[in-house]
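In what follows, a single structure is set out as structure tokens and then discussed.
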Amino acid sequence: MGSATLLPLLQHLTKTDLLKKVASRSFAALTVTKTQFISTMSVGKDNVSSLKRRLVQLFETSLRKTVPGEPDLVPIVDSCSDKSGGKFGDYQCNNAMVLWSKIKGKHTGFKGPQAIGQAIMKNLPPSEMMESCSVADPGFVNVVLSKDWIAQILLRMLIDGIDTWAPLLPLKTAVVDFSSPNIAKEMHVGNLRSTIIGDTLARMLEFSHVEVLRRNHVGDWGTQFGMLIEFLFEKFPNPEEVNEAAIGDLQAFYKASKLRFDGDAEFKQRAQQAVVRLQGGEDRYHKAWKQICEISRTEFCRVYERLGIKLEEKGESFYNPYIPKVLEEVDSKGLIEESEGARVIFVDGVNIPLIVMKSDGGYNYASTDLVALWYRLNEEKAEWIIYVTDFGQQQHFDMFFKVARRVGWLPTDDSLYPKATHVGFGLVLGEDGKRFRTRNTDVVRLVDLLDEAKSRSKTAVLERDAAKDWPEEEVEKTAQAVGYGAVKYADLKNNRLSNYTFNFDQMLNDKGNTAVYLLYAHARICSIIRKSGKDIEELKKNGKIVLDHEGERALGLHLVQFSEVVEEACTNLLPNTLCDYLYNLSDIFTKKFYSNCQVIGSSEETSRLLLCEATATVMRKCFYLLGIEPVYKI
Ligand code: ARG
């Protein structure tokens, strides 16, 4: 069934029906595009999830009435606060211009986009959420939202909890493949970026009711293991003696074994045989491989623990048993050919082929990834598979995604579910503009970075008067939240596609767009509430929110936009969208609201305290989604 025929069907579904459809996966098969989904989504009265979605619905009704019979009426609705500073309204509908170019010359009675805009405005169903509407040249329909409606929505959120604002996405299960370091190698800053970005994406999707399989696709297979195993046998003839302490720095161990491999032909030969014996499942080799993986794993877990990252390891080796069967399926479609002894697949637009079996009969990174994709789609029933790695791997992903489309595992239209997306990111640079390194080593050790961030932020915490009589535990906790939060935020606030410069002074600055500034802003809001001496739970039950002052209204409007921002960040897989929102929230709170509206002791105290509470609640949710621990005191 095509999406055009499906559309009228969906209009009669309630949100619960849609969720059920998604749950039964029949939805993925029906393949509706995202925009169509949003526009057909029915938002119940009790649901406050997305303000924009509600407007889209109203405009959809109006558009159908304005130009009956016109196909593809997808409302184009945008928030206008960023562009025009909200001068004409809060939201605008831009369909009139597009419609005019489509119907001009037909006998519709419309003389231009202005007239269409006027008709769209007139045909809008009555709604309590709108205060007024107007049409601006050439045909924008501007909407001013009702401040009473915004106030009501805010109070509901405070009472029912912010999770009721979670956006609803048209999928049930996703895989986020992130972090994925290579065994026996140190986790480097590139892995750090993948870990931070991947964790945030997973958190945002989870918040939006998607079941996320957080996958650590560790590099635990491949020819390097022959070398490592042989070296291990040489160093520790008795396998009982192998442990983390004895091996010491696994990276140094890797380097030493590589030296041996490159310098001794006899060792090299043994190493190559070791790979064959490992892959053949020989016990002694398998045990040694497991020991090496285990030591690496312990090291990786230390970083994950510090950063509060949850991940489930399904490394490259996991997919090994499935490779022959899956490649057979690919082969049956006539895609695999022979080239210089290897088995390869040529894809459109790329002049090198994807090698799925090397000339020695072994499998590689690409074969594993192709099979892992099959597994995730068919065994794990994931509808969206998201890979977070540096930009340099784009071609690799592009190639096996194309293969998956040709085999028929993925639809040819890549806007449809199920889909696979590569989330690429740029390099981490040092202040010299070159790839980030420390003075004495090639790679920056992650643990050292985190230690330094924490100790620098501890020094800063201790310099604050307010922290003078804090117990040691509180200082530690704050230093950790601020230090690790700073590292994460400095990464996430940039568009992931750009390179970013790692700079401790900048990320730990308490002014500007940093986690430190935001965490302190949150703590300050909490302290306003504490200082009032009021029981906020009591206020939620009996109080009311009023948005009469311009500053109150601006803050209220920004708060109710939270849900659509998370939805946008999920759809585009861009965490910086959420960072921008958070930074603007803090800015609007301080500059528009707090500096103009006295809270404690004013006649609007209750309403303003509730606004403070709503701001702190939304900020905390943003922190949570960005993987940052909040701070309540400064
Ligand atoms: N281990 C790889 C690396 O360090 C990243 C793996 C990413 N995931 C994947 N399915 N290829 O570059």
Side-chain angles (χ1 to χ4, degrees), residues 174-202 212-225 228 250-251 254 258 289 292-293 296-297 299-301 303-304 309 311-320 322-323 326-327 345 347 354-356 363-380 382 384-404 409-410 418-428 435-436 442-446 496 573:
V175 165
V176 181
D177 174 326
F178 69 108
S179 193
S180 310
N182 295 322
I183 297 285
K185 295 195 187 160
E186 185 92 42
M187 255 210 232
H188 51 78
V189 276
N191 294 126
L192 177 67
R193 276 209 97 172
S194 172
T195 309
I196 292 174
I197 297 171
D199 179 53
T200 300
L201 295 176
V212 178
L213 308 173
R214 296 161 158 260
R215 287 287 174 267
N216 202 359
H217 190 85
V218 296
D220 63 354
W221 206 244
T223 42
Q224 77 275 25
F225 281 95
L228 288 165
L250 199 55
Q251 204 187 8
Y254 187 97
K258 181 86 172 72
W289 168 74
I292 296 168
C293 291
S296 253
R297 192 170 294 129
E299 237 175 73
F300 299 154
C301 284
V303 175
Y304 298 143
I309 309 281
L311 262 164
E312 192 195 337
E313 182 180 318
K314 268 197 170 58
E316 292 178 15
S317 65
F318 174 87
Y319 302 97
N320 243 0
Y322 302 91
I323 298 181
V326 177
L327 287 187
I345 305 174
V347 297
L354 187 77
I355 301 173
V356 289
Y363 300 121
N364 61 7
Y365 189 50
S367 20
T368 311
D369 254 331
L370 190 61
V371 174
L373 177 59
W374 170 87
Y375 185 88
R376 290 161 177 183
L377 289 166
N378 292 286
E379 299 292 313
E380 300 187 310
W384 198 3
I385 298 136
I386 297 162
Y387 300 81
V388 190
T389 80
D390 64 279
F391 213 68
Q393 296 198 32
Q394 192 188 13
Q395 190 180 62
H396 162 76
F397 289 101
D398 185 46
M399 284 172 89
F400 78 86
F401 291 172
K402 279 187 173 144
V403 172
W409 298 336
L410 292 174
K419 61 180 166 184
T421 310
H422 175 226
V423 171
F425 53 78
L427 298 174
V428 184
R435 210 179 254 271
F436 189 44
D442 282 355
V443 247
V444 183
R445 282 165 48 97
L446 261 191
R496 59 176 163 77
L573 301 169

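One-based numbering, in listed order, for ligands and for the atoms of each. Please read all numbers here as calculations on a predicted model, not as lab measurements.
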Heavy-atom side-chain contact between Ile385 and Tyr387 under 4.5 Å: yes
Aromatic ring proximity Tyr363/Tyr319, centre distance under 6.0 Å: no
For Gln394, side-chain hydrogen bond (donor to acceptor under 3.5 Å, both in side chains) partners two or more places apart: none
Using distance only, find each side-chain donor-acceptor pair of residues 177-185 under 3.5 Å and give its atom names and separation, not counting sequence neighbours.
| from | atom 1 | to | atom 2 | distance (Å) |
| --- | --- | --- | --- | --- |
| Asp177 | OD1 | Ser180 | OG | 3.1 |
| Asp177 | OD2 | Arg376 | NH1 | 3.0 |
| Asp177 | OD2 | Arg376 | NH2 | 3.1 |
| Ser179 | OG | Thr195 | OG1 | 2.9 |
| Ser179 | OG | Tyr304 | OH | 2.6 |
| Ser180 | OG | Phe178 | O | 3.1 |
| Ser180 | OG | His217 | N | 3.0 |

Please list, one pair per line, the donor and acceptor atoms closer than 3.5 Å that link side chains of residues 365-374 to other protein atoms, with sequence neighbours excluded.
| from | atom 1 | to | atom 2 | distance (Å) |
| --- | --- | --- | --- | --- |
| Tyr365 | OH | Gln393 | OE1 | 2.7 |
| Ser367 | OG | Val356 | O | 3.2 |
| Ser367 | OG | Asn364 | N | 2.7 |
| Ser367 | OG | Asn364 | O | 3.1 |
| Ser367 | OG | Asn364 | OD1 | 2.8 |
| Thr368 | OG1 | Asn364 | O | 2.9 |
| Asp369 | OD2 | His396 | NE2 | 2.7 |

Side chain proximity check, Arg435 to Leu427, heavy atoms < 4.5 angstrom: yes
Per-ligand residue contacts, ligand 1, heavy-atom threshold under 4.0 Å: Asp177, Ser180, Asn182, His217, Tyr365, Asp369, Tyr387, Thr389, Gln393, Phe397
